[in-house]
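Take a look at the structure below.
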Amino acid sequence: EVTGTHKSATALTVNAKGEVFFLDTVANKTYSIAPEGTITEVAADAKKGTAQAFGPDGKRYVLADKGEAVVFETDGKSRTVAKGTPGGDV
């Protein structure tokens, strides 16, 4: 248990605002931690991600289940941008 409500914290990444994002792989959700420490759910479906990173465009990219690369737009919507992506890191 990571916190009182989070069972895991993997694939940590930081955006340009200094917010830390992590995947709770047990719950299949994505959370952010603001610089002042507030934790917020940002995606109810983490796409069974194993790794994530922010691109220079400010969008969050996730390596999802079965080798799909998924981009989360700044409005929170997601779309698959590549399939058959090997590995566990982006």
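All of these numbers come straight from a predicted model, not from anything done at the bench.
Smallest separation of non-hydrogen atoms from Val20 and Leu12: CG1-CD2, 4.1 Å. In this structure, Val62 and Gly49 approach most closely via the heavy-atom pair CG1-CA, 3.7 Å. Considering all non-hydrogen atoms of both residues, Ala53 and Thr13 come closest at CA-OG1, 3.6 Å.
Atoms NZ and OG1, from Lys59 and Thr74 in turn, are 7.0 Å apart once rounded to the nearest 0.5 Å. Rounding to the nearest 0.5 Å gives a distance of 8.0 Å between CG of Asn15 and OG of Ser32. Distance check: Glu73 CD to Asp57 CG gives 8.0 Å after rounding to the nearest 0.5 Å.
For Asp24 (side chain) and Lys29 (main-chain N/O), no donor-acceptor pair under 3.5 Å exists by modelled atom type.
A 4.5 Å side-chain heavy-atom check between Phe72 and Gln52 finds every atom pair outside the cut-off. Looking at Glu19 and Pro35, their side chains come closer than 4.5 Å, going by heavy atoms from C-beta outward. Looking only at side-chain heavy atoms (C-beta outward), Lys48 and Asn28 come within less than 4.5 Å of each other.
Follow the hydrophobic side-chain contacts under 4.5 Å out from Val14 and you reach Phe22 in the same cluster. Note: the hydrophobic cluster containing Ile33 also contains Tyr31 (ILVMFWY, side chain heavy atoms under 4.5 Å, direct or indirect links).
Ring geometry for Phe21 versus Phe54: interplanar angle over 60°, hence perpendicular rather than tilted (30 to 60°).
For Thr25, the side chain to side chain donor-acceptor pair (under 3.5 Å) partners at least two apart in sequence or on another chain are Ser8.
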